[in-house]
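One structure is given here, and the rest of the page talks about it.
Along the sequence shown, residues are numbered consecutively beginning with 1. All values derive from a computational prediction rather than experimental measurement.
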Amino acid sequence: MKVYKIGLIGFSIGGQVFHAPFIAGNPTLKLYKVTARKQEQKELLAHRYPEAIAVQSADDIINDPEVDIVVVATSNDVHYSLTKQALLANKHVVVEKPFTNTTAEADELIAIAEQRGVLLTVHHNARFHSDYKTVRHVIQTGIISSLVNYEARYDRFRNYLREGAWREQSGPGSGIHYDLGAHLIDQALQLFGAPEWVFADLRKQREGANAIDDFEFILSYPKLKVSLKGQMLAKEATNRYALYGWNGSFVKPGVDPQEEQLRAGVLPHEVPNWGQEDPNNYGRLSVVKDGTDKQSLITSLPGSGQDFYKNLSDTLNKTSSLFITAAQARDVIRILEAAEQSWREKRAIDMKDELIAY
């Protein structure tokens, strides 16, 4: 089986935490070149991945004929330009989410990939989080009958702005709705398909904020309301998910443990029980069955971030197909655009015939 050489553009938190560890743990992939401009990045790269070559620019990766796959793990403002450059160089490309800043950009990149006959996918890694996998299992098994309300949220507490943080600057693709909201939209589309309409509330709540730091999206389905939320001023922990149906509810606290492990330098292939949640974060099921209240904990499925790069390798080796297609990621951007339009115009936006993958 072929071993594919990967060039990783971006070695800040995204590249360090969410990409390099999973690439290194896959025997069919080789972390070959990495952009590492800062001294601390070079030192970390040399320590953790001594066989990888540190380079100064994206061109050093994209123009290298030895590179099979380019991973774009940069700030949102250059996702489109770097991905386009890599595709035109006939490279397979992985783009960090959000895919692009506009639907038009996403459509153009999809067309180029098809014309060049190369693979294009987007790193919607939250599909491989333990909390989402558990919620999906609960929905698919029908434990909650006739689901009417689905709530998912990413809440943080940081009542100050980070100086120089690009996510907190004004401009296309900034704000937590593009950052965290993109995950929640992708998950909702996977679970329920295309909504009938979208309504949004987008706010800047912290003093001096230039980018959205509080959002709520409502995605409407014939018999289901989907509410997706995120904020930066949640001092007390909130439930990550809540499902409500005719026979009861399921609520899921806690967060997937993989990021904390990765930030600590733990590699997935080096530890047993990777991605397994603390039992204190197991979801609580409360239903009425045969006229009696039944309550129980649902054991969380383990997180499996390694599945993304395994699927990428399997697809290139023609033993599988992509879990995450560029068309699916494009539809996330289309809903984000509709959400911004909704807030500007203070109305719901019809999504009929707007999505291409769902």
Side-chain angles (χ1 to χ4, degrees), residues 13-23 71-73 76 79 94-100 121-140 150-156 167 173 175-193 215-217 219 226-232 234 237-243 252-263 268 274-277 281 283 300-312 322-336 339 357-358:
I13 292 300
Q16 293 173 16
V17 173
F18 301 117
H19 292 277
F22 293 119
I23 295 169
V71 176
V72 179
N76 298 355
H79 283 189
V94 173
V95 194
E96 184 52 67
K97 64 84 209 159
F99 183 12
T100 55
T121 187
V122 180
H123 190 238
H124 275 291
N125 62 317
R127 292 196 198 178
F128 309 106
H129 287 180
S130 58
D131 44 18
Y132 167 70
K133 290 175 66 176
T134 304
V135 166
R136 182 182 63 186
H137 172 73
V138 167
I139 292 173
Q140 290 176 341
Y150 167 93
E151 298 178 2
R153 58 194 310 148
Y154 269 113
D155 288 339
R156 304 281 189 270
R167 288 184 177 87
I176 67 168
H177 61 314
Y178 262 79
D179 182 27
L180 301 177
H183 280 313
L184 300 181
I185 293 170
D186 178 66
Q187 292 174 350
L189 291 177
Q190 282 288 295
L191 292 172
F192 309 117
F215 70 86
E216 180 174 5
F217 308 138
L219 279 56
V226 169
S227 178
L228 312 176
K229 304 178 182 181
Q231 61 173 312
M232 297 300 294
T238 55
N239 286 319
R240 285 280 289 113
Y241 295 91
L243 314 178
K252 176 71 180 69
V255 294
D256 177 88
Q258 295 177 95
E259 181 174 344
E260 182 178 356
Q261 291 176 293
L262 291 165
R263 284 179 180 267
W274 174 260
Q276 184 60 60
E277 282 194 336
N281 288 331
S300 296
L301 298 176
S304 56
Q306 63 271 25
D307 288 352
F308 177 86
Y309 277 103
K310 182 180 185 304
N311 173 247
L312 173 67
L322 279 178
F323 290 158
I324 305 171
T325 67
Q328 292 170 351
R330 174 262 187 207
D331 286 348
V332 172
I333 303 304
R334 181 67 196 96
I335 288 184
L336 282 165
Y358 295 94

Notebook entry, point to check: How long is the span from the NZ atom in K252 to the CG atom in N281, to the nearest 0.5 Å?
Noted result: 5.0 Å
Next item on the list: List the atom of A73, the atom of H19, and the distance in Å for their closest heavy-atom pair.
Entry: CB-CD2, 3.8 Å
Next item on the list: Give, for atom CZ of R153 and atom CG of L228, the distance between the pair rounded to the nearest 0.5 Å.
Entry: 10.5 Å
Item checked: Trace of the ring-ring contact (aromatic ring centres under 6.0 Å, His included) decision for F99 with H79 -> CA-CA 7 Å; F99 183 12; H79 283 189; 8.6 Å; no
Next item on the list: Apply side-chain contact (heavy atoms from CB on, under 4.5 Å) to the pair N239 and Y241, showing each step before the final yes or no.
Entry: CA-CA 5 Å; N239 286 319; Y241 295 91; over 6 Å; no
Checklist line | Salt-bridge criterion met for D186 and K97 (N-O under 4.0 Å) | finding: no
Margin query: For a 4.5 angstrom cut-off between non-hydrogen side-chain atoms, does H137 reach L301?
Written below: yes
Checklist line | Check: Q190/Y132 side-chain N/O donor and acceptor closer than 3.5 Å | finding: no
Note to self: One pair to check against side-chain contact (heavy atoms from CB on, under 4.5 Å): N311 and L322. What are the steps and the verdict?
What the structure shows: CA-CA 6 Å; N311 173 247; L322 279 178; 3.9 Å; yes
Next item on the list: Please examine the side chains of L189 and Q328, heavy atoms only from C-beta on, and report whether any two atoms are closer than 4.5 Å.
Entry: no
Item checked: Side-chain donor-acceptor contact under 3.5 Å, Q187 with H129 -> no
Note to self: Let me confirm one number: the CD1-CG distance from I185 to L180, rounded to the nearest 0.5 Å.
What the structure shows: 11.0 Å
Note to self: If I take atom OG1 from residue T121 and atom CZ from residue F323, how far apart are they, to the nearest 0.5 angstrom?
What the structure shows: 10.5 Å
Notebook entry, point to check: Aromatic rings H124 and H183: how do their planes relate, parallel, tilted or perpendicular, breaks at 30° and 60°?
Noted result: perpendicular
Notebook entry, point to check: Side chains of Y154 and I176: does their closest heavy-atom pair fall under 4.5 Å?
Noted result: no
Next item on the list: Could you walk me through whether Y309 and V94 pass the side-chain contact (heavy atoms from CB on, under 4.5 Å) test, one step at a time?
Entry: CA-CA 10 Å; Y309 277 103; V94 173; 4.0 Å; yes
Margin query: Among residues at least two apart in sequence or on other chains, which ones pass side-chain contact (heavy atoms from CB on, under 4.5 Å) with L243?
Written below: V135, V138, I139, L147, Y150, F250
Checklist line | Note: D131-R240 ion pair, threshold 4.0 Å (strictly below) | finding: yes
Margin query: For a quick test of reading the model, state the closest non-hydrogen atom pair linking D331 to A357 and the distance between them.
Written below: OD2-N, 2.8 Å
Margin query: If I take atom CG from residue L191 and atom CZ from residue R127, how far apart are they, to the nearest 0.5 angstrom?
Written below: 10.0 Å
Notebook entry, point to check: Quick one: does F217's side chain get under 4.5 Å of K229's, heavy atoms only?
Noted result: no
Note to self: Is any side-chain heavy atom of P98 closer than 4.5 Å to one of V332?
What the structure shows: no
Checklist line | Closest approach of D256 to G303 (non-hydrogen atoms, all atoms of both residues) | finding: OD1-CA, 3.8 Å
Item checked: Closest non-hydrogen atom pair between P21 and L262, with its separation -> CB-CD2, 3.7 Å
Notebook entry, point to check: Between W274 and Q258, is any side-chain donor less than 3.5 angstrom from a side-chain acceptor?
Noted result: yes
Next item on the list: Determine, step by step, whether K133 and E277 satisfy the salt bridge (charged side-chain N to carboxylate O under 4.0 Å, His left out) criterion, reporting the C-alpha distance in whole Å, the side-chain angles of both residues, the deciding distance to 0.1 Å, and the verdict.
Entry: CA-CA 12 Å; K133 290 175 66 176; E277 282 194 336; over 6 Å; no
Item checked: Reported CD1-to-CG distance for the pair I324 and L312, which is rounded to 0.5 angstrom -> 10.5 Å
Check: Within a strict 4.5 Å, meaning less than it, do heavy atoms of the Q276 and P257 side chains meet?
Finding: no
Item checked: Sidechain-backbone polar pair: S300 side chain, S130 backbone, donor-acceptor under 3.5 Å -> no
Next item on the list: Take the angle between the ring planes of F308 and F128 and call it parallel below 30°, perpendicular above 60°, tilted in between.
Entry: perpendicular
